[in-house]
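These notes are about the structure you will find just below.
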Amino acid sequence: MKKYFTVALAGNPNCGKTSIFNALTGSRQHVGNYPGVTVESKSGKFMLNDMEIKLIDLPGVYSLSSSSPEEDVVFQELMKKGIDLILNVVDSTIPQRSLYLTTQLAELHIPMMLVFNMSDDAEHKGLKFNIPKLEHYFGCPIVQTIGNKSGGVQKLLATLAKTLETLDSHGVPMLTYGADIDDAINAIADKIDALNIEKYQHIPARFFAIKLLEHDTSAMRLDEFKPVHDEVEKQIQHLKAKHAINQATTFMADRRYAMLSGACRDSISFTRERRQEISDKIDMVMTNKYFGLPLFFLIIYLTFWFTFVLADPLMGYIESGFGMLSDFVKSMWPESNMPYLRSLLTDGVIGGVGGVLVFLPNILFLFFAIAILEDSGYMARAAFVMDGIMRRFGLQGRSFVPLILGFGCTVPAIMATRCIESERDRTTTIMVLPLMSCGARLPIYALIIPAFFADNYQAFMMWLIYLIGVIVALIAARIMKSTIFSGEGEVYLMELPPYRMPTIKSLLLHMWDRGKMYVHKAGTIILATSIILYICNTWPEKEVFSKDYDAAIAQAESDLALTDSQIYLLETAGVLEQDSIAEIKKSRTLSEEDVAKLEENELSDIQKRIIASAQEYGDTVTKLENERQAEMMEYTISGRVGQALAPIFKPIGFDWKLTTASIGALAAKEVFVSQLGILYAEGETNEESVPLRQHLRENYTPLQGFCIMLFCLLSIPCLATLAIIKRELNSWKMPLIEAGGLFILAYITTLIVYQIGSLLQIGTKML
Amino acid sequence: MDVNRKCSCGCGSMSKSVREYHVGNGELTLADLPIGRSAKVAKLIPNLRSIKKFADIGIIAGTEMAMEAHAPFGGLLRVRFMGTSIALHRDDAENIILEPLESL
């Protein structure tokens, strides 16, 4: 007996197919994309008795034609040889519409098994099924299940095992389209049989005859059937003339539904009148013309709150975890032993990858929240209420949630665009998403705004920058939709499935599916860029400096360091702890805490002198070390590239330092601040550093400050964004166009602002 | 007749020359169906884009359609038929002709 079986899982969207797939395969899943399209492919393996079963989860479709990428995929997959069984999941609360797909699957004459899912809901609705009658009609076994409850799965597995064991004696469906159409089908099928096409031997000619008769593109475009096209047209003309059947594309649909309503009348009975369900009552409010939008905004706010507020403590743990890891490596690896590799590992790799993995809790929480919205059925409602507004900008309702998520991080936001069915709308949304100012740009604004703008303008500037991003994004979307993505949009037909309580298991699976990709990204692209950037920032090492810094530092030490007698004086004052004194003896200077402690009391003149001396010593050494670092930076690849490219950036008000920082910021926007900090020789800086702001004020005008923000806002947020665009759109061209397009947009916009600003003398005075 | 008309997505651009059919006066389309009322589909006008998609989902002559809601600011309608709610665009709904309503 056969041991390996391939089973295809097919069904409508929202029929509970995924939960059955998850229940059967557990975590042994393989998730990927079908080649060339963005439709997710999923398969998994499981053992049943002593049979190994490969389960392919086909995308949810309403019909087996080619009116969407999903339908295309299903058609292609089912045409392949080697499928032993089709497991067709049917939403038994809406049998008539769910079985429509079944009629088409049945024509393939691949053994089939029907799963009448959600039978508890159907019973609740008053539907009663005559299962033997339906089994006879579709020529296949039927099993009734209840969502993903284990009881239903046991029954499903038992029937599946029996079906697979008796595949040879599988029944054949008795579907007829009425004498007139059946005659036409047979005439075409005979012609197809005569062609004797090797490739499609395993599929009955009748299936293709039906597809051709309804002018289905999936079959019409197959070259093998070109010879019978004349016959098809003849039969259609004949049907039109003799039987007054008009539209070729829809009469098969008419007949299938007629056929089904006949079958359903025989075997399904309604015992109760339809009454208003809870789901409809919720929707009276949720999609209400007046309450719908405010409720939507409230829910989005809660999602944000969940993502950013609740995940915050976890981020702290991860951050300190990476800090500890780095310290641990440093303590295990003596500095004398290959110091360059040591700091590459700790500062470059652990620092770089850690910096990205810190956002993992955000990502997981965000996807958990999105999974709740999706699994409960709210996402479809959100798209419904937002569609009117978004459409004015050439987008659609489903674009809104990803755009909002873009304020957090562009990468998960791009992943969230998967809910947009229309390929053009999805591409447009992805292309404008980087313009929504993401969290990584915030440190830049937080550095620049307080440096150049008065307190009472700061909030306004922040708001202005975000607003510019949104406006540019909407304009860009509209321009794209009326140029490269122009033409009438795809038809919008969206089901609003009843609200369902999501199960924790499926929420976690959803969350992990996507979170995994983020981890993968950190392990590959971020790892690589961290190493490259670290090397660019540190290599080549400068050996000969403009002055002897070591000597200068030694000089400062002998001139300014605290003497033993000075330290003795501090010790006898009794203000400082014994530990601090020991520390002072080593460093020969005072820490800020020491100074603060001393200043708590009235200071004597001599103490004041000691403090002043210690502070001058500290300042001098820091200054010298920073100068040395700046000189080293100038000598590295980053510094050289910055200086070489400076002429290009001059018209937008950037000097070589800003240029270098912008290049570093290609990897991730946060890098801009730390790069600038290194260049202005303040050592490792974060946005809080006041001295860096001072440097900025001394070197740039407010106009330049604004231009920095504008440029950072409009250029690509990070390399990870490009990588995810490549992944989601399945092309190398799109991320390259995106990066180039955004650079040109950022450059031109900043150029205009800077030049006009300079001309009109707006903010051109140094502060 | 061929006319230029505004793009249906509301982007403001003029779409290519579109064939416009004028259906007889007084014919009720799905777009005109008041909220809370229902009526049977009489026919689909061939002008309907992706007509097969509508047929596949169950919008065929004889299907009973009930108007449930209109989306805020615009084009989407929410209709219920065959036990499910579907959102579709007003422009498309205009190409779905219903049988006349009995007056209340």
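Not measured: the values here are computed from a predicted model. Labels below follow one simple rule: chain letters A, B, ... track the order of the sequence lines, proteins then strands, and each chain is numbered from 1.
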Contacting moiety of Tyr100(A), where chain B heavy atoms sit under 4.5 Å:
side chain
Quick check on Asp92(B) against chain A: is it the side chain, the backbone, both or neither that has a heavy atom closer than 4.5 Å?
side chain
Hey, are Glu68(B) and Arg37(B) close enough for a salt bridge, meaning a charged N less than 4.0 Å from a carboxylate O?
no
Top residue by heavy-atom pair count (under 4.5 Å) with chain A, among Thr63(B), Leu88(B), Ile57(B)?
Ile57(B)
Chain B: which of Tyr257(A), Tyr290(A), Tyr492(A) shares the most heavy-atom pairs with it under 4.5 Å?
Tyr257(A)
I'd like to know if Asp72(A) pairs up with Arg221(A) as an ion pair, taking the criterion as any Lys NZ or Arg NE/NH1/NH2 lying under 4.0 Å from an Asp or Glu carboxylate oxygen.
yes
Just by distance, do the side chain of Ser98(A) and the backbone of Ile94(A) share a donor-acceptor pair under 3.5 Å?
yes
Heavy-atom pairs under 4.5 Å with chain B, option from Thr93(A), Asp283(A), Asn288(A) with the top count:
Asp283(A)
Non-hydrogen atoms of chain A under 4.5 Å away: do they reach the side chain of Leu77(B), the backbone, both or neither?
backbone
If you measure only the distance, is there a donor-acceptor pair under 3.5 Å linking the side chains of Asp425(A) and Gln396(A)?
yes
Side chains of Glu495(A) and Thr84(B): any donor to acceptor distance under 3.5 Å?
no
